[in-house]
Each structure stands twice: as structure tokens, then as C-alpha cells.
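Predicted, not measured: the structure shown is a model, and the values here were computed from it.
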Amino acid sequence: MAKKKTLENKYDWAALKIEDVIQTLKTDPEKGLSSEEAEKRLKKYGLNRLQKYKKVKWYEVLIRQFVDILIIILLIAAGIAFAIGEVGDALTILAIVVLNGILGFVQEWKAEKAIEALQKMLSPKAKVIRDGKQIEIDSKYIVPGDIVVLQIGDKVPADLRLIEAVNLKADESPLTGESVPVHKSVEPVKPGTPLAAKSSMVWMGTSIVNGVGKGVVVATGMETEFGKIAKLTQTVEIKPTPLQRKLAVLGKQLGAISIAISVIVAVVGWIAGKPLLEMFMTGVSLAVAVVPEGLPAVVTITLALGVKAMVRRKVLLRRLQAAEALGSAQVICTDKTGTLTKNEMTVRKIWLPCCEIEATGYGYDPAGHFEIKGKKIDYHKYPDLLELLKTGMICNHAKLIHDEKGWHIQGEPTEAALIVAAYKAWLSVPDLRHYTEFSFNSIRKRMTVIVDEDGKKVAYTKGAPEVIIERCSKILENGKERPLTEEDKQRFIKAYKQMAENGLRTLALAKRVLPENIKLTEDEVEKDLTLLGVVGMIDPPRPEVPPAIELAKKAGIKVIMITGDAPETALAIAKKIGLPAKKAVLGEDLKSMSDKELKELLKEDVIFARTTPENKLRIVTVLQKEGLIVGMTGDGVNDAPALKKADIGIAMGLRGTDVAKEAADVILLDDNFASIIGGVEEGRRQYDNIQKFVRYLLSSNTGEVTAIFLNVIVGGPLILLPVQILWMNLITDGMTAVALGVEPAEKGIMERPPRSPKEHILDWKGIAMIVFLGSYIGLATLWLFHHYLEKGGAEAVATAQTVAFTGIIILEKMNVFNFRSLVAPMKVIGFLSNPWLLLAWTVTVGSQVAAVYVPFLQDALHTVPLKLEDWALIFAVAVPIFLVVELYKILRWRKANKNA
Ligand code: ATP
């Protein structure tokens, strides 16, 4: 691979004039680079990413398969077998170890690949201008000279020299540790200014917390300041999940037990006069029998397949353990706009001091007109309406686009809806010079843009009605400004509340011609405004949401709406989607509430409105103190703390800011509440299935230990040879267990309460089931073995061993059906509902047939051919293990459903 060329870092970009930067980098501030040029530069400078996330190398995964204490014991056993001349056994053990290594490798490698694919999906995006058009691309394709568009909430994708900045502020804490946002401007700085003071630059890895801007890329990838100091960002955290950790502990415990049992049995047997070698091999068999060797690989592959299954549910995991947490979610705090509703805004009503106007039309298509009481009006005759619509257009960052795909938008739907409304009066976006802007965020709940209009500075403001009215001292009526009276205020409040009660999202608009020498700060500008009116937008609920709410209710999950919107709107929407909500509490009211009061409040059917991110954080904290597993959605720059604090931070994939996404555990690809509930169901399914195969594998192992152990006590030849145990544990059980991992969700999975976070992977019921079924397997095998031994004859031992070996495998294969559900009988599950399991079953039983009849496998596994009646007897002994449990399940199922 060609070595990446670096851009000579000889320029002090921050100190250069914009024109010089543009010229040096041979780009165009309006049109950006052409695609061909970008392609060329990509080849020259390489991808814009920090050191590649650490890719796991294939040989590392392969080596991992062999550095297992058990495998090492086996290798020693193979060595000893070889030393004493049992070359065949030694080779078989080696072959099985290698085969197991390869199987484990293939599975884990697939898991790694799945995680890598996930990394790719997570790769950050950036808005750039290329070929004269603003497009969104993967940040890694950004090249020096690209023009990047920035807005509040964006993660800066590379080092940029600013060429436009409107009240732009960046959080540079990841780079400099400075937690106060830094003001940015396009003015060149003095040469040699230290990094933290280079206000004309924004740096990769930092984020925009206010304003809008544009910059030219001057450095990418490892050439950026961040690249110089940082090692890794944007990675899926691949820490072991709590479940994997619990299983690792279980594995260690079993390992210790296995060594203890093996040593005791071997020593006792030897003292009782058995040959040392035979007892050594028995010890090894036991050790192999106790430990479920396939378990770690099966868990890894199941979690990795689970990642894909989650993506099908539109849930992207940023951390593997999030699936488990989702499965046990007890409370889900969700925002409203875009998650419960479609976030497709259409202005329906406009209140002006003179009158109430309705807008017709649908969606983003600007076809439509204005009406008063059902009669079309001539908007030219309503100057106040035109002023309000104009304000909505100026105080706006969205774009309305018309192309072959029809009408669609870029930016915020709330803002786009205002443009659509203005288009209905044939207005177009005025081209004005922007002085500065005070961005919208969910704390301010308003936005102001200051522009130059005929030589005057004019502020155009929009925001939540109660926030705007506080800052108004005048009102516009019939084209004239006059002081705002108390009566005006009351009419205004009544109007917006009425809109909100009908589920409309409300937004007030205001403007102010600013005095000549005013300081352009929020406090100075956003006061003495002239109120223009209120708009009410519909934002219909998503059709999938009411059934999802219903499902959550059945699943014992409490859903709490926490919205920035008005309480009346929130209640109206809650009603539409079937969310039980008796009252809406304002974020502000939480301030005066103690934690105890909030705790009590949270037990009621309550929703929260006009909240700030700080409120969200407090709600999560109080819920978690109650020991609840909490999911919390978020999208804004300020949501990061709440998302991090929640057990499951859920960021919105479409409308979420980079900052929110980075703080979250999962990303909703479609922003849809229903997908969260889908994710919960998927998480529950995965956890269920892991429980199923853990129990299945352990019951198999218990069966093997029981058979070997009792056989030592009863006396006689070895019942199962080490190679045979290896064969069944490593080869046949692993495959069936993986197939159990893809078992579909059980019926009623969402009708039971969430799992308690304290629950162990193995409860007493589970242990009882393992012991019972394990004992059956062990005893039945022992019986088969001794039944054949008693027949006597030259071949008796070899036949008995083959029957025991085949018998235990068939018993385990019949037993697997018991674990397809821990409660439901086969009729409910559907015998054919998991074709993978049937395939694994057929393959493993088929390989056992091969083990008995194919000559080289006969040699390797010490088997002899079986007769048909032997098979018949084996099945006769094996089938009841399924029938007994099935009968038990049927009876219990009937009883439970009768009671229900
Ligand atoms: P949720 O928190 O459920 O997503 P939300 O989107 O309504 O709800 P915020 O984004 O915090 O919450 O908005 C709160 C209020 O601020 C809105 O009801 C609206 O009145 C106002 N608002 C929303 N977007 C803008 C904007 N771009 N400019 C000015 N004001 C806005």
C-alpha cells in the first residue's frame, strides 16, 4: 500500500487571510471541490481518520483458541499418549483440538467481522460542499480543501480554517481541557498564537455548541491536532458484557471443580489398584467433561449475531452490553418530537393580533393557501401575516428543496414548516447579511438572527410562546407597532394554549429594529421585542407508536414522556398515542421538588413538559436510585450527561447531534419509539437464548460427569474415552448451542415483567433442571454401557463403549428440544420454527453416524459399527428425556393458561 502523503504543515493557517487559505488550498468557498479533485486528494492524503480502530488480527483470534488451560491439558495428554506409544489417540486428540480451534476461530472471526461492520455504520458524517452542492459524506472521505458546513451539535470532522462564523462557539474540552465554550471568528490571529487561542480555527474532535459556520479543511486524519495527541475515538466499546463476565466466572469455577474432581477420581482409582495410565486418561476425560468448552465461542457468536438482529430492529448498538441492558429495561424516558411523533411539521394555524388564520395543504409541498373561517383570503391584505412569515424565513436554517424526488427538506422540520408556510404566500428567502445569531437550544427555547436590513440591524426571533412573550414590550397590529397591553397578553396566551390543547406545536415570532450602538449580546438584543404572532403546527403521532406503548405496558415497562414542548401539546399527544398521563409537570417545577417528592411523583402517570436536559439528568438519577434500569432518549448537544447516566442512553440516528450519538449506548436508526420497544424484545430474546444454551450445555456436561463418575465407582472399563468426550463437547454440542442462540422470540416474551437486574444467569430452577436432565443422561448412558458389557463376548467392551458414546450424544440431541423454551411446550413453539436447530441436529446426528461407520473415524474415535437394533435401543432410551419434560411443560402450561 502506498504510504499516505502528508500535507506540509508549513502554514500557520490561523494567521492567514481567508483569500490566502483558499488560494493555497486551491478550493472555492461557494462551490467547494469537484468530486474528481476530492478523489485525487483522497488518494494523495489518505482517509481522514485517526489511527485505524484497532482491528483484531486473524492470527490473534486463532491463537486465542489455543491458549485455554483445558486445551493445554489436552495437549499434555496427547504428549503422554504419544510417549507411551498410543500414537493414534495422540493424533486424534490433536485433530480434535485443531478442529475445535478452527470452528472457534470461524465463529469468533465472524463475530469480529460483524463488529467491524458495526464500526463502519457508526462512522461519523459531515456536511460538505462539493460540486456546488451541500452533501453529507462519511467524515473519513474529507480531504484538505473541502468546505465543511457547521452547525450547533456538529462534531468538527477535521481541522478547519473558518471562512464564515455566526456566533460560532466550540467546546474544545476534548483537545484543550477547557470546559468553557470558545468563541470563534473568521479574523486571522497573530502569527504564532498558541493553539487554544487560535479563534479562526476549529479542530477535529471538538464540537459546535452555538451558531453556524463554514470552514476550509486544512488538515485531516493523523495530521490534525487531535490526531497528534489522540489514539482512538469513535469505537464500539468491546468490553465484555456483564453476562460475559458472569459466564467467565462460571467457567473458572467449573474449571476448578473439574480439576479437583479429576485429581480425586484419578488418585482414588489408582490407589484402588487401577493402572495409572488408565486413571490419568479418566482424569482427563472428567476434566474435559465438566467444562463446557464451547461456551465462550457460543456466547460471542450469539452476541454478534444479536448485533445484526438489533440492526434489523433499527437499533444500532454502540456497546455490546447495551443489548442485555435493553432486555432488562424497566423504565423508558422518551422525548416526543420525532420519537413519538413523525416530526413532519405543517403549519396549520396562525394567530395574529387581528385574527386567526388557517393554512391549507399537506407536508412540505407548498401548495396551499390561507383561510379565515373556511374562506380563502388575499394575503396581500394582511401585512402582519406577511411580516410573521418573513420572520419565520429569516430566523431559519432549514432549506426546502424541490427535485425529481418531490419536495423535501434539509434541516429542522420545525423550521422547514415555516418556509413552506411562507412559500404559500409566494415569499422567498431574502438574501441578507447576517451579523450574528443566538442559536436555539433546549435550554433557551428560542433563537434570534440579527441581519442587516437597509443599513439597520434587525433581530428576528422565534421560540416557545411563553419565553418570547416575556421579552416583548410591543405588538404589531395592522402594520403598526404599539405597546403590548395586558389584554393583548391574555389573548395571546389563550390563543397558544388552545392550539396546544389540540396537539399543535406552538412557536411565537417577534422582531426588533435594534438601536445603532447596541452590544450584540443575548441579554441586550432579546428584549423589547415586538410580538408578531403564534403559529401552530401539526406533528402527527407515528402510527407504530400506540401499539408499541401498549406492548410496553404489557411488558411491565413504564414509559415516561419528557419533552421540551408545551404541557398542553404533550398531554394532547399522550392521549392520542394511548400513554396514560394524568398530568404534565413543568421542568421548572422540578427545581422546588425534593428527590423524595420527585420519587413519589414518578410513581404516578406523569409526563414532563418544557424540560431542560438538566431535568432529564435529575429524573434518570432519581429513577436509578430506586434500583430501576432506565433507558433515556436524547438528541441535543446538552443531552449527553443524561444519556451517559442512563443505563441505556438512546440517541436519535436521524435528528440526533453527533454529541448525543457519541454519548449514547444505542442509536435509533429511524428515531422511532417503536424501535426502542423492538430493541427491548430483541434484548429479551437474546438473554433468554443465552440462558437456554448455557443450561443445555451444562446439562450435557453434568450427564457426562455423572456417567464417568458413577462408572468409576461401579467399576469396569472406561465408559467414555477422552477423545469421545472431546468430540461431543467441542464438535457436536457447540453447533447445537449456537442454533439455540438463534431461537426466535418466545410467544409472550413481552407479556412478562422485566428481568430483575439482580437475577443470576443460573437460578435454582435452572440448576434443578440441569441436575435432573444431567442425571437422566448420565444414568441412561451408564445403563446402556453396562447392558452391553453384560452381553459379554469378544467385542463387548468396544460395542458397549460405542453404544455409550453414541447413546450420550443422542440423549443430548433429544435433550436440546427441552431447551428450545424453558416453559412452553413444542406445540406452542412450533417444531419447525427454528430451522437452524433442525439443521444442526441433523448434521450432528449425521456426524455420529459417520463416527460409527466411516473407517478412519472408527479408528480415531475407537468405535465399532452398530446394528440397527442398537440404534433402536439408544433412541428408546433417549426419546423419553424429551417426552417427560414435554409432558411436564404441557401440564404446567395448561394450568397457567387456565388460571390466566
Ligand atoms: P422533544 O423534547 O420531545 O423532542 P421538542 O422538540 O418540542 O420536544 P425542544 O426542541 O426543546 O423540544 O423545543 C422546545 C420548544 O422550543 C418548542 O416547543 C418550540 O416552541 C421551540 N422551538 C423548537 N425548535 C425551535 C427552533 N428551531 N427555533 C426556535 N424555537 C424552537
Side-chain angles (χ1 to χ4, degrees), residues 237 239-250 299 302-307 309-310 313-334 548-549 551-560 602-603 619-634 642-651 664-668 673-695 741 743-766 821-823:
E237 206 181 303
K239 275 202 310 211
T241 73
L243 181 79
Q244 279 176 309
R245 262 182 278 139
K246 278 187 214 159
L247 287 174
V249 173
L250 183 71
V299 173
T302 306
L303 289 176
L305 290 174
V307 167
M310 282 285 183
R313 301 277 196 153
K314 305 280 185 238
V315 177
L316 196 58
L317 301 179
R318 286 196 71 235
R319 299 183 177 81
L320 269 188
Q321 57 264 51
E324 203 182 318
L326 258 179
S328 57
Q330 292 167 314
V331 183
I332 289 171
C333 302
T334 172
I549 297 265
L551 200 58
K553 211 187 290 171
K554 278 196 193 142
I557 300 165
K558 189 176 167 88
V559 177
I560 304 176
L602 283 164
K603 289 185 183 148
I619 293 170
V620 175
T621 313
V622 169
L623 286 168
Q624 281 181 332
K625 269 199 201 140
E626 287 293 281
L628 295 167
I629 303 282
V630 186
M632 165 70 80
T633 66
L643 290 176
K644 280 198 183 132
K645 178 87 179 95
D647 300 276
I648 318 136
I650 307 164
D665 302 295
V666 305
I667 295 175
L668 282 191
F673 175 80
S675 305
I676 306 180
I677 301 301
V680 169
E681 184 172 354
E682 178 54 30
R684 286 186 174 193
R685 181 190 75 86
Q686 288 176 22
Y687 191 85
D688 268 11
N689 289 358
I690 290 175
Q691 269 199 332
K692 289 174 193 172
F693 66 63
V694 165
R695 289 174 191 204
E743 195 65 40
E746 287 198 35
K747 288 198 180 85
I749 196 169
M750 291 299 272
E751 275 158 34
R752 56 182 199 224
R755 161 170 58 87
S756 151
K758 294 194 198 93
E759 190 182 294
H760 287 290
I761 180 97
L762 265 183
D763 55 6
W764 285 113
K765 245 165 74 187
S821 162
L822 298 179
V823 284

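Between R755 and Q691 there is no side-chain heavy-atom pair separated by less than 4.5 Å. Two residues are said to be in side-chain contact when any heavy atoms from C-beta on lie closer than 4.5 Å; I332 and I648 fail this criterion. The shortest side-chain heavy-atom distance between L668 and V315 falls under the 4.5 Å cut-off. Taking 4.5 Å as the limit, every side-chain heavy atom of I677 sits out of range of all side-chain heavy atoms of E681. You'll find the side chain of F673 stays beyond 4.5 Å of the side chain of T633, heavy atoms only. No side-chain heavy atom of L551 sits less than 4.5 Å from a side-chain heavy atom of V680. The side-chain heavy atoms of V620 and V331, taken from C-beta on, include no pair separated by under 4.5 Å. Side-chain atoms of L623 and I619, non-hydrogen and from C-beta on, do get closer than 4.5 Å to each other.
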Working note: E626 + Q330, criterion side chain to side chain contact (heavy atoms under 4.5 Å, CB included); need CA distance, chi angles, decisive distance, verdict.
CA-CA 11 Å; E626 287 293 281; Q330 292 167 314; over 6 Å; no
Check step by step if side chain to side chain contact (heavy atoms under 4.5 Å, CB included) holds for I676 and V666.
CA-CA 10 Å; I676 306 180; V666 305; over 6 Å; no
When you look at K558 and L628, which way does the side chain to side chain contact (heavy atoms under 4.5 Å, CB included) test go after all the steps?
CA-CA 10 Å; K558 189 176 167 88; L628 295 167; over 6 Å; no
Step by step, work out the side chain to side chain contact (heavy atoms under 4.5 Å, CB included) result for M750 and K554.
CA-CA 6 Å; M750 291 299 272; K554 278 196 193 142; 5.8 Å; no
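Checking side-chain atoms of E743 against main-chain N and O of K692 turns up no donor-acceptor pair under 3.5 Å. Between the K314 side chain and the A674 main chain, no donor and acceptor come within less than 3.5 Å of each other.
Interatomic distance, L316 CG to S675 OG, rounded to the nearest 0.5 Å: 12.0 Å. With values rounded to the nearest 0.5 angstrom, D688 atom CG is found 7.0 Å from L822 atom CG. A distance of 8.0 Å separates CD in Q624 from CD1 in I629, rounded to the nearest 0.5 Å. Note: D647 CG to L326 CG = 10.5 Å, rounded to the nearest 0.5 Å. For the atom pair CG (L317) and CD (E324), the distance works out to 11.5 Å, reported to the nearest 0.5 Å.
With salt bridges taken as basic N to acidic carboxylate O contacts below 4.0 Å, none links E746 and R752.
The nearest pair of heavy atoms linking A323 to Q686 is CB-OE1, 3.5 Å.
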